Amino acid sequence: MPPDEALKLLKEGNARFIKGEPTATRTNEKMRLELVDMGQAPHTAIIGCADSRAPLETIFDALPGDIFVLRNAGNTCTHAEGSMVGSLEFCTGKLGARMILVLGHTKCGAVYGATNAYLAAKKSETASVESALEGLLLDLAPVAEKAVADMGSHTDADEVAAHAVRVNVFHTIDFLLKYSAPLREKVKSGQVEIQGGIYHLDSGKVEFMGRSPQQSTLLSTNLGLPPSMTREGGRTSGYGPSARGEHGVRTTVDSAVPAEEALKMLKAGNERFAVGAPLAKHATLKMREALVSHGQAPHTAILGCADSRVPVDTVFDAMPGDLFVLRNAGNTCTHAEGSMVGSLEFCCGKLGSKLILVMGHTKCGAIAGATATYLASKEGKASKSAGSALEGLLVGLSGVAKQAEEELGVGADQDQLVSHSVRVNVFSSIEFLLKYSPSLRELVKSGNVEIQGSIYHLETGRVEFLGRSPRQAELLRSDPSLPPSLQALPIRTTTDGPLPSQEALKLLKEGNARFTSGAAISGKITPAMRKALVKEGQAPHTAIIGCADSRAPLETVFDAMPGDIFVLRNAGNTCTHAEGSVLGSLEFCVAALQSKMVLVLGHTACGAIKGATATYLQSKTGNKPQVTKALDALLVGLSDVAKKASEELGEGATEAQIVDRTIKLNVFHTIDFLLQYSPLVREKVAAGEVEIQGGIYDLETGHVEFLGQSPAQATLVKSASTLPPSLA
């Protein structure tokens, strides 16, 4: 549908909503089966706020299949960039939607909270992040900052916040244009239109604001991928009239609904929807006024899929004020952890909701795409890098498909795998919340909040309730941690003092584990951190002698911060022909900088070792290698290690086997060189002040195999002192 026609439908639907004359009030089995069999084709994608007073399908009087909905607290891409952008790329690319609307609303708690947090931080000149919610508010600070600049520093805080709602709409549009090449190209060509709007809670009217003033400028930008590659008012039982709040809708004047009662209301509402007998009436002017003046008090928070065939408020026959809804493609926290976790902490902590429901659905396009991505990766056909936010989202979800395959076992076809992945993904999102939100975990532990899963069946319109995660008890005992997108590592300076070798080794292992699992957190470096490194000086916990190979970047492999690792690199991670430089640098590190851990790290498929092995095998044939350049000398120097490897393996060993053995022996050869030719290092090792160990980095898996000490260490620490050959 052309964008202007889609926009016309939105305006007409909103007009019907305001008049209290909705037409999209009934669905039947035939409609639902058509949506399943023929697939969805939404005319518009909307990024809206999770605020329960702004149910998007209701506001625009839309039927299932009309609108592809993405919602979080503050209708923002902050902490949700990969999820939001990827979901919109899916909707405009795969589903053919040509209209995108970013919809804010008056009295938005998230934007007002961000504005107040920004103004408070300006006064105190400090801002701490101890929860995902605080991180969400802090990252909306640029919106508040611009609102203050527009309105003037002496403007009343509420007026600034009201203007910030408007600023935030265009801020989100600008983010989409900046960080999505597919969306940018579609807008450029006229295929897609992106506009903004504000829903006025008191009148029910949507103010359509048009395009971003920055659109023409942003269409020529190319910033790559998003930076991160969040009982009253319904039925209690049966089919009788729904139990409303004091004002006909749920507000803060009504008492909180226990999780068990909220679950009953969801089940009853879904049954009414499934049989085509909804009772939820559209809000009257007085109801909307009550929601504005008294505030929201949703009985349930729902994390659902953005799929337009699953309009959450409609599926549960809910009134405005009933449900706090978060939606993205795949009902996942992948790439959206800060936004989703922060939004749910806000809903349960500030709004008093007692139930969180994670809802997947059958025939989920995101899960089907993630499953296909996983199967392609197994066959070696997967892309080497995410070419778009959507691809990044699918790769992030592929772990769910992998777990589903392991649970189903050999023989499951792709359709069975997708179906089971939907279920696995629901529990995966629940477990993410329990793992990464200390506040939600404490609320669950104390019995104040319940988190359960469910699957909406497109074919029948019914929701299958799955209950709690099987791992809930285990996760409630786990250590608290912020979501990966909000986690950050500290920096080390001289004020921290030396770190014992075993603790340094533990940091290396933990960092490599994060790297291999794709959960690195070392990239967040502030100006204050850099200044501290300059002012206070470095205090690396480990010195590493590694290979210069570009495929083995040491700080990346160990997910390390600036100031963590003192790095020495050359081809072959060797002291051959570099002994004075390497030894001198290492002595400086363990003496002046007081590092207690030294790691010599080789890696698989090492070109220098392959060359040295070939040089040795050539010399065995009587064809003495010609030394005409420095590289030749390096390979000849390393060929002695290859010779030793060949002798250990015996006759019949292949060249590849000799190379693999040489890589390991070369690590110990370098360690032995350090112990033999550095009296300072040898003395510190003998005294237990310094530990030297070896390791091998596997290029294919990303794992580091830690080899421990050299077998010759005990002998070498007792040997006589001598200088390196090049310095003797």
Side-chain angles (χ1 to χ4, degrees), residues 1-27 31 34-35 38-49 54-71 75 84 87-106 165-166 169-170 172-174 176-177 183-213 215-216 219 282-283 285 288 306-314 320 327:
M1 182 178 291
D4 56 343
E5 292 185 29
L7 193 61
K8 183 170 177 284
L9 285 183
L10 294 176
K11 290 179 178 179
E12 291 172 348
N14 180 239
R16 292 193 300 273
F17 166 70
I18 294 169
K19 292 177 183 177
E21 299 173 354
T23 60
T25 57
R26 293 288 189 276
T27 60
M31 287 177 168
E34 284 180 352
L35 286 171
M38 300 179 187
Q40 62 174 319
H43 59 69
T44 301
I46 302 181
I47 295 181
C49 183
L56 300 185
E57 288 88 358
T58 304
I59 288 169
F60 293 107
D61 190 28
L63 280 165
D66 284 352
I67 301 174
F68 190 89
V69 177
L70 304 164
R71 291 174 70 175
N75 48 277
M84 291 296 180
S87 299
L88 288 173
E89 287 176 356
F90 170 74
C91 186
T92 56
K94 303 294 184 183
L95 304 182
R98 296 182 57 191
M99 181 71 205
I100 296 174
L101 181 70
V102 177
L103 188 69
H105 68 89
T106 55
V165 169
R166 191 173 297 269
V169 168
F170 288 129
T172 298
I173 294 176
D174 294 347
L176 299 175
L177 292 171
L183 290 180
R184 200 162 49 242
E185 289 306 311
K186 284 182 170 64
V187 171
K188 228 186 248 186
S189 67
Q191 179 69 19
V192 167
E193 182 79 12
I194 306 180
Q195 295 196 20
I198 293 177
Y199 171 60
H200 292 266
L201 292 176
D202 52 356
S203 68
K205 183 176 178 61
V206 173
E207 174 190 355
F208 291 86
M209 299 161 58
R211 300 172 177 173
S212 164
Q215 177 170 304
S216 58
L219 288 180
H282 291 268
L285 177 60
R288 290 195 294 270
D307 194 302
S308 62
R309 299 168 293 179
V310 194
V312 174
D313 298 280
T314 306
R327 293 174 70 176

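These numbers come from a predicted model, not from an experiment.
Donor-acceptor pairing under 3.5 Å is lacking for the side chains of Thr314 and Glu57.
Checked against salt bridge (Lys or Arg N to Asp or Glu O under 4.0 Å), Arg288 has no partners two or more places apart in sequence or in another chain. The side-chain hydrogen bond (donor to acceptor under 3.5 Å, both in side chains) check on Asp174 picks up Ser212, with sequence neighbours excluded. With sequence neighbours excluded, the residues that form a salt bridge (Lys or Arg N to Asp or Glu O under 4.0 Å) with Lys188 are Glu185. Scanning for side-chain contact (heavy atoms from CB on, under 4.5 Å) contacts around Thr172 gives Ile47, Thr76, Cys77, Val102, Asn168, with sequence neighbours left out. Residues passing the salt bridge (Lys or Arg N to Asp or Glu O under 4.0 Å) test with Asp313, sequence neighbours excluded: Arg71.
Using a 4.5 Å cut-off on side-chain heavy atoms (C-beta onward), Phe60 and Ile46 make contact. Residues Arg98 and Lys186 fail the side-chain proximity criterion, which asks for heavy atoms closer than 4.5 Å. Using a 4.5 Å heavy-atom threshold, the side chains of Leu183 and Leu177 count as separate. Using a 4.5 Å heavy-atom threshold, the side chains of Asn75 and Tyr199 count as separate. The shortest side-chain heavy-atom distance between His43 and Asp66 falls under the 4.5 Å cut-off.
Within the model, atoms SG of Cys49 and CG of Leu70 stand 13.0 Å from one another, a figure rounded to the nearest 0.5 Å. Leu101 CG to Met209 CE: the interatomic distance, rounded to the nearest 0.5 Å, is 10.0 Å.
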For residues 1-12, please give each side-chain donor-acceptor pair under 3.5 Å, one per line with the distance, not counting sequence neighbours.
unit_1 : atom_1 : unit_2 : atom_2 : d
Lys8   : NZ     : Glu12  : OE2    : 2.7

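Checked by atom type and distance alone, the side chain of Arg16 never pairs as donor or acceptor with a backbone atom of Glu21 at under 3.5 Å. Between the Asn14 side chain and the Gly204 main chain, a donor and an acceptor come within less than 3.5 Å of each other. Proximity of a side-chain donor or acceptor of Asp61 to a complementary backbone N or O of Ala24 within less than 3.5 Å is detected.
Residues Ser308 and Ile67 come closest through the heavy atom pair CB-O, 2.7 Å.
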